[in-house]
Amino acid sequence: MHRYRTHNCAELRKTNVGEEARLSGWVHRVRDHGGIIFVDLRDSHGITQVVVHPEREFHGGIEHWRVESVLCFTGMVVARSPETVNPRLATGEIELDAREMELLNDCQVLPFSVAQDDDCDENLRLRYRFLDLRREGLHQRILLRSRVIRSIRRILGDDLGFTEFQTPILTNSSPEGARDFLVPSRLHPGKFYALPQAPQLFKQLLMISGFDRYFQIAPCFRDEDARADRSPGEFYQVDLEMAYATQEDVFAVVEQLFSRLFPEFTDKAVSPAPFRRIPYREAMLKYGTDKPDLRIPIEIQDVSDLFGDSDFNAFRQVVRGGGVVRAIPVRGIADRPRSFFDQLIEFTRERGGKGLAYLLWSEGGVKSPIAKFFSQETLEELRRRSDLGAGDAMFFVADQENRAARLAGEVRHHLGDLLGMRDGDRFEFCWIVDYPLFELNEETGKIDFSHNPFSLPQGGMEALTELNPLEVLGWQYDLVCNGVEFSSGAIRNHRPDIMLKAFAIAGYGEAVVEEKFGGLLRAFRFGAPPHGGIAPGLERIVMLLAGCRNIREVTAFPLNQNAQDLLLGAPSQVEERQLRELRLKLVPPGKRTGG
RNA sequence: GGGGGCGUAGCUCAAUUUGGUUAGAGCGCCGGCCUGUCACGCCGGAGGUUGCGGGUUCGAGUCCCGUCGCUCCCGCCA
């Protein structure tokens with residue numbers, strides 16, 4: 001018989017009755033009746049009830065049947081009588097009649113309950129992460145994450161012809177993007193490595209190196225402040241890149257990946273491939289964001305043309321001042337109480353809006369404090385454009401275009417929450433395409449890259465030389481699901497001449513580009529193939545599948561919000577000797593100089 | 001760096017609105033009883049500088065100021 005176990009704690013069934021078995025696991029719960037004692041023994045797989053009869057010599061042998069102690073029981077598998085079967089347990093038709101017991105390890109009094117997976121302070125959970133990870137919820141989410149990764153490797157690697165690579169962890173600081181984590185070099189005092197924010201340049205170099213399809217479950221490091229859905233420090237991307245690929249080729253691969261991946265882990269409906277393609281400008285107009293939640297059946301409209309000459313001063317002034325009026329039509333809410341609408345107005349004001357006007361249609365006509373300022377023709381045209389009828393409503397946001405779009409989008413998502421449209425059992429994917437390559441920096445008035453400086457402009461060199469830079473679109477795209485940005489990607493700019501031209505428009509001279517991206521430019525000059533890719537966030541995928549909102553709930557050992565490891569104590573001070581080797585000197589706190 | 005919310009027993013929370021007796025409950029812990037439970041049950045017990053410091057008051061868990069911590073958001077995240 002095996003030293004520790006013949007079966008795991010989820011394995012024994014009625015067919016095993018009469019067999020001798022040995023089980024090891026944690027004490028999940030104990031029901032001590034004075035005479036007979038029931039021990040729920042748990043391992044990663046499940047729970048089996050062990051019965052200890054009073055005549056066993058170990059019955060009083062351990063002082064405490066302390067939960068989370070590690071025990072090994074040997075005994076006979078016996079059938080439970082019909083009235084004592086536990087239908088909530090996979091092993092509930094049997095129990096182990098313990099003949100021998102061995103205490104494999106004791107357990108101190110717990111800081112929080114393992115058996116009862118209820119709320120407690122997150123930093124306490126992080127300090128005792130090994131206990132937290134034993135709890136049902138987190139334990140299952142970490143197992144889910146593992147199964148998702150295995151499935152991604154199978155789909156991309158085995159079925160779609162991708163090759164998995166590793167790329168360096170010690171690499172170069174990137175001139176753009178987030179703050180880098182720096183690693184001092186001992187051999188080159190005063191110089192630093194940086195941890196990669198993403199393997200972007202390496203995956204492009206692999207394409208130029210003649211590999212066809214790259215993927216990696218890639219660690220990414222960014223020294224930015226935390227959010228609920230954003231880990232401080234490190235996270236993982238499903239990073240992929242394809243040679244000789246058009247945007248549609250990338251879409252086809254990603255659509256296959258998600259169309260196969262999601263149904264493996266959820267019964268919820270997944271929007272069928274091909275996913276909807278929504279141009280950036282259309283997304284900003286209809287949904288007021290470039291990460292729309294398409295479960296909400298509300299489409300924003302521009303109605304500025306109706307108000308240039310209207311009697312409604314507030315709207316007329318905005319339109320004549322170059323602003324816009326956006327309408328948000330919502331069906332079936334005209335009978336909501338006044339407080340519903342007041343609350344929405346307050347919501348808009350909190351987010352910087354001047355207000356939120358609305359019209360309510362009823363059998364008798366239009367009800368609204370502002371209806372008297374609208375002509376009958378205008379009211380009818382508004383109704384007609386959104387095909388509204390009795391019981392329907394329309395909200396209005398009037399402001400400068402960017403702000404109006406954003407506010408309307410936030411109101412749309414908020415309505416989605418209020419009206420229960422967002423918890424439907426489905427995943428709605430879409431692509432946002434046709435991002436502008438450049439944008440105007442409102443502070444400096446200069447032209448900046450809007451997304452990624454390495455994206456290929458649509459129309460190539462001709463577009464860069466002929467068009468107003470702000471009109472140039474990039475082969476850039478985002479994958480969005482249920483209002484969550486899953487991923488950004490692009491067809492890369494593989495031509496050094498086009499790359500230099502694009503950088504020139506953004507105000508970078510050739511010498512600067514050579515200095516900052518010399519390695520990549522050198523590679524481009526030796527026959528770089530056209531290529532492109534994308535990098536969906538692994539944790540976001542698992543979060544959506546697990547139905548949780550916090551990235552730390554799908555990460556085994558996350559840093560806390562202050563970027564500390566409370567279990568092992570990182571970051572920590574290091575020996576003076578280590579600093580000397582690196583030729584580093586600490587500036588005492590409060591005496592920061594320079595700047 | 002900025003804003004909102006929260007800090008009461010080992011854990012989750014009540015008492016704070018309107019300052020007023022000895023700060024309570026559930027779980028956990030300790031002791032006792034209990035032979036069919038599965039969130040076992042029953043009896044008893046221990047456990048508190050109400051985050052910390054100061055102030056107002058006859059009196060502060062409660063009000064005020066400061067500070068520290070946690071949390072969510074903004075900035076930031078090509």
Side-chain angles (χ1 to χ4, degrees), chain A residues 28-42 47-56 59 63-64 66-68 78 80-89 91-93 95 97 107-128 131-132 135 174-180 196-198 200-201 220-233 235 350-352 410 435 437-439 443 448-455 474 476 485 488-490 492 502-503 506 508 516-517 535 537 549-552 560-562 564 566:
Chain A
H28 189 67
R29 282 201 174 89
V30 176
R31 292 172 293 283
D32 181 350
H33 289 239
I36 198 167
I37 299 173
F38 299 99
V39 178
D40 288 341
L41 200 67
R42 185 199 73 238
I47 289 175
T48 301
Q49 174 165 284
V50 177
V51 188
V52 178
H53 288 287
E55 59 271 23
R56 305 296 180 200
H59 180 265
E63 204 171 337
H64 309 284
R66 175 101 69 196
V67 289
E68 297 308 310
V78 298
R80 298 200 198 185
S81 63
E83 70 275 13
T84 61
V85 163
N86 185 347
R88 289 184 298 173
L89 229 49
T91 58
E93 287 192 306
E95 59 198 5
D97 182 359
C107 180
Q108 296 187 359
V109 175
L110 299 173
F112 53 80
S113 161
V114 169
Q116 189 149 332
D117 193 355
D118 50 10
D119 276 348
C120 73
D121 181 70
E122 189 176 20
N123 281 299
L124 193 68
R125 292 173 53 198
L126 290 171
R127 186 151 42 239
Y128 296 91
L131 292 177
D132 195 21
R135 307 209 293 181
S174 51
E176 309 222 10
R179 197 178 293 115
D180 285 315
Q197 296 186 19
Q200 179 68 32
L201 297 185
C220 303
F221 305 89
R222 294 177 191 176
D223 187 5
E224 294 295 339
D225 291 345
R227 288 286 182 281
D229 64 349
R230 196 171 78 203
S231 207
F235 61 97
E350 282 170 5
R351 277 155 189 77
E410 287 179 9
Y435 277 86
L437 195 64
F438 301 103
E439 66 186 5
E443 279 176 31
D448 285 345
F449 285 108
S450 68
H451 214 170
N452 176 332
F454 304 113
S455 304
Q476 310 187 135
E485 184 193 316
S488 280
R492 320 297 172 186
F503 271 94
Y508 297 90
K516 285 185 171 176
F517 305 107
R549 296 185 42 178
N550 190 315
I551 190 170
R552 293 182 295 278
N560 72 359
Q561 286 218 18
N562 293 328
Q564 297 164 303
L566 297 179

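The chains referred to below are lettered A, B, ... by the order of the sequence lines, with proteins before strands, and numbering in each begins at 1.
Only the C1' atoms considered, B/rC70 is 32 Å distant from B/rU22, to the nearest whole Å. A distance of about 15 Å separates the C1' atoms of B/rA39 and B/rU12, rounded to the whole Å. Between B/rA25 and B/rG5, the two P atoms lie 31 Å apart (nearest whole Å). Taking atom C1' in both B/rA60 and B/rG75, the straight-line distance is 38 Å, to the nearest Å. On the C1' atoms, B/rA9 is 23 Å away from B/rG53, given to the nearest whole Å. B/rG10 and B/rG20 have their P atoms separated by 25 Å, with the value rounded to a whole Å. Only the C1' atoms considered, B/rC27 is 36 Å distant from B/rC64, to the nearest whole Å. Nucleotides B/rC42 and B/rC13 place their C1' atoms 25 Å apart, quoted to the nearest Å.
Between the P atom of B/rC38 and the CD1 atom of A/Ile36 lies a distance of 13 Å, rounded to the nearest Å. Rounded to whole angstrom, the span from the CG atom of A/Asp32 across to the C1' atom of B/rC38 amounts to 14 Å. Summarising the geometry, the separation between CG on A/Asp117 and C1' on B/rC27 is reported as 15 Å, rounded to the nearest angstrom. Taking atom CD of A/Glu83 as the reference point, atom P of B/rU37 lies 8 Å away to the nearest angstrom. In this structure, A/Gln49 places its CD atom 10 Å from P of B/rA39, rounding to the nearest Å. The interatomic distance linking A/Asn562 (CG) with B/rG1 (P) rounds to 11 Å, in whole Å. Atom CD in A/Glu93 sits about 18 Å away from atom P in B/rC38, given to the nearest Å. Going from atom CZ of A/Arg42 over to atom C1' of B/rA39 covers 15 Å, rounded to whole Å.
Judged by atom type and distance alone, A/Arg29 does not reach the base of B/rU37 through any side-chain donor-acceptor pair under 3.5 Å. A donor-acceptor contact under 3.5 Å is not formed by the side chain of A/Arg66 with the base of B/rC29. Between the side chain of A/Glu224 and the base of B/rG75 there is no donor-acceptor pair of N/O atoms closer than 3.5 Å. For A/Asn123 and B/rG69, a side-chain-to-base donor-acceptor distance below 3.5 Å is absent, hydrogens and geometry of angles not being considered. With hydrogens and angles left out, the side chain of A/Arg230 and the base of B/rC77 share a donor-acceptor pair within 3.5 Å. Judged by atom type and distance alone, A/Arg80 reaches the base of B/rC38 through a side-chain donor-acceptor pair under 3.5 Å.
Across all strands shown, A/Ser113 has no heavy atoms under 4.0 Å from either base or sugar-phosphate atoms. Base engagement by A/Phe38 is indicated by at least one non-hydrogen atom pair under 4.0 Å involving a base atom.
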Please step through side chain to side chain contact (heavy atoms under 4.5 Å, CB included) for the pair A/Val50 and A/Phe38, ending with a clear verdict. CA-CA 6 Å; A/Val50 177; A/Phe38 299 99; over 6 Å; no
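The nearest heavy atom of RNA chain B to A/Leu126 and to A/Gly35 marks one nucleotide each, and the one closer to the 5' end goes with A/Gly35.
A stacking contact between A/His33 and B/rU37 is absent: the pair does not combine a ring-centre distance of less than 5.5 Å to the base's six-membered ring with planes differing by less than 30°. The side-chain ring of A/Phe112 is not stacked on the base of B/rC11, judged by centre separation under 5.5 angstrom and plane angle under 30 degrees.
Ring geometry, A/Phe517 versus A/Phe503: the interplanar angle falls from 30° to 60°, so the pair is classed tilted.
Stem regions for RNA chain B, each three or more consecutive Watson-Crick or G-U pairs with both distances under 3.5 Å and listed by first number, read B:1-7 with B:68-74, B:10-13 with B:24-27, B:29-33 with B:41-45, B:51-55 with B:63-67.
Annotation for A/Gln108: atom CD does not count as buried by contact number, only 12 or fewer foreign heavy atoms lying within 6.0 Å.
With A/Asp121 contributing its side chain and A/Asn123 its backbone, the two residues share a donor-acceptor pair below 3.5 Å.
Taking the centre of each ring, A/Phe235 and A/Phe221 stay at or above the 6.0 Å mark.
Remark: of the listed residues A/His28, A/Arg31, A/Arg29, A/Arg31 is the sole one forming a side-chain hydrogen bond (donor to acceptor under 3.5 Å, both in side chains) with A/Asp40.
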